[in-house]
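Below, all heavy atoms of this structure are taken into account, side chains as well, without hydrogens, waters or symmetry copies. All chains are named by letter (A, B, ...) in the order of the sequence lines, taking the proteins before the strands, and each is independently numbered beginning at 1.
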Amino acid sequence: MTTLRLDGVGKTFGRHRALIDISTTFSTGQVAVVLGPNGAGKSTLLGILSTLMQPTTGAVLWGAERMGRDSNMRTAVGYVGHEPGLYGDLTARENLSLFGSLYGIPDVGARVGAMLTRVGLGDVRPDAAARTFSRGMMQRLSLARALMHEPPILLFDEPAAALDPQGADWLTGEIRQERAAGRLVLLVTHDLDAAASVADQLLVLRRGRLTFDETRAGGFAPEAVRSLYQEKTRAGG
Amino acid sequence: MPAASPGWWAQAAQIARKDLRLEWRSREVLFTMTFLATLVVLIFSFAFIAGDDSSLSPSVTAGILWVAVLFSGTVGLSRTFDREREGEAIRSLLLSPVPRSAIYAGKVVATTVLMFMVELIVTPLAAVFFSTTISTHAAWLALLLLLGTIGFAAVGVVFSAGLLRSRSRDVLLSVMLFPIVAPVVMAGARGTSLLLDPATPDMGGALLWTQVLAVAAVVFVTVGLWAFEPVATGE
């Protein structure tokens, strides 16, 4: 089992302290869910874990390696956000081929076909631009893009935002599938029920500080997540 | 997991190819830039030409041509980077293992190609409107335009990336970009006017301004390769 360890991570923007002394450990084969109100520092945390931001203090370690700007470390991470991170004027196949090539994946064509089938887009019109896709199809394609290079770490930032219930259910299933495949999955969400349905580890952020961090073998009941969230995001909680 | 990195040059070429393919799909940027550049030339032709004599001094023609390049290039840069902003595609690009300098180089190449295509249309048009002969030193003129365009694109790509998340990016791009690229435009205009002089083309002077543009292009690209990563990631 490989771990992703945050050791006293802090991030400051000018005078604003977005993250303050965050220390925790995430493990492969588990889903960690980060909760917190707007402005709690969730996006900053994802920015640091995805290597797009550098922590002002502390360090992030993937196994024994320090994660930073080194482009090789970026191959360890797959990212699915609420925006698809794709080019609307390219087709699904062209989008995946582009990113597959940039990651140096051998036999990109075969990999693209396999990934499209894997996310249920195997039968889309080959000449259809991605911008013509529904929101749900875009998220499927976004997941395919994030999985193209088989990253051991998968980051989700509000991936179900604006998805219909069916799409949200599909996404929950995918997150479970990636956990079963042995990936480290980190999900940032405002949806407490979705959090309860997948979380092995639950973290709550408030004003840049980690106010709760616990791993439970049996997961978390929806009521427990709700009361924990209310308690830990309250002033003095 | 990936087998091997494709290499810096191959990755830069992939980025450039991607940008040009996106443009080829819609031709939106190309049409907009060509329209704007043509409009600039047309407006000046109405403003400066009176009576039957449509010829202008070479320095005026050169100035009008480079103003058209400046305006159309700025619009092109802005729209090209809108594509990266839509759907946060730039995030996926920055998350990939491609060195940021290769992303920068690819974007400079794509921007230069698009701008140069517009210049290939607008320059003969300006020559017709202003009764100027450009065929005498056509290759040299093309080289001047190409070097100036590389210098412009080298700075423009950095500023456009830095302004991706700014609400007033279109206004700010012009405000920030124009003072920096002003020497390139001035050198380009001077060199072009010396080449266009039908009576006594000053080849020595033209060579000097060509060298100035070449040095500016090298300096701007070098600084851009170094500055793109912190600017694009906001770090």
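Annotation for A:F13: atom CZ counts as buried by contact number, over 12 foreign heavy atoms lying within 6.0 Å. In A:R207, the CZ atom is not crowded: 12 or fewer heavy atoms of neighbouring residues, nucleotides or ligands sit closer than 6.0 Å. Within a 6.0 Å sphere centred on CZ of B:R27, heavy atoms belonging to other residues, nucleotides or ligands number more than 12. Environment of CZ in B:R25: crowded, with over 12 heavy atoms of neighbouring residues, nucleotides or ligands closer than 6.0 Å. The number of heavy atoms from other shown groups lying within 6.0 Å of CH2 (B:W8) is above 12. The local environment of CZ in B:F31 is sparse, with at most 12 non-hydrogen atoms from other residues, nucleotides or ligands closer than 6.0 Å. In this structure, A:E65 places its CD atom where only 12 or fewer heavy-atom neighbours from other residues, nucleotides or ligands lie under 6.0 Å away. Within 6.0 Å of atom CZ in B:R21, 12 or fewer heavy atoms from other residues, nucleotides or ligands are found, so the atom counts as exposed in its surroundings.
The minimum heavy-atom distance between A:L102 and B:Q11, with the atom names listed, is O-NE2, 3.5 Å. Across all their heavy atoms, A:L90 and B:K18 have their closest contact at CD1-CG, 4.5 Å. Between B:S96 and A:R74 the shortest heavy-atom distance is O-NE, 2.8 Å. The two atoms that bring A:L52 and B:R100 nearest to each other are CD2-NH2, 3.6 Å, heavy atoms only. Residue A:Y87 comes nearest to B:L22 through the heavy atom pair CD2-CD1, 3.6 Å, listed as atom of the first residue, atom of the second, then distance. Among all heavy-atom pairs drawn from A:F99 and B:L93, the shortest one is CE2-N, 4.0 Å.
Residue contact with chain B, scored on non-hydrogen atoms closer than 4.5 Å, is absent for A:R111. Proximity to chain B is limited to the backbone of A:L86, based on heavy atoms less than 4.5 angstrom apart.
Interface residues of residues 61-92 of chain B toward chain A, defined by a heavy-atom distance below 4.5 Å and sorted by number: B:R83, B:E84, B:E86, B:G87, B:E88, B:A89, B:R91, B:S92.
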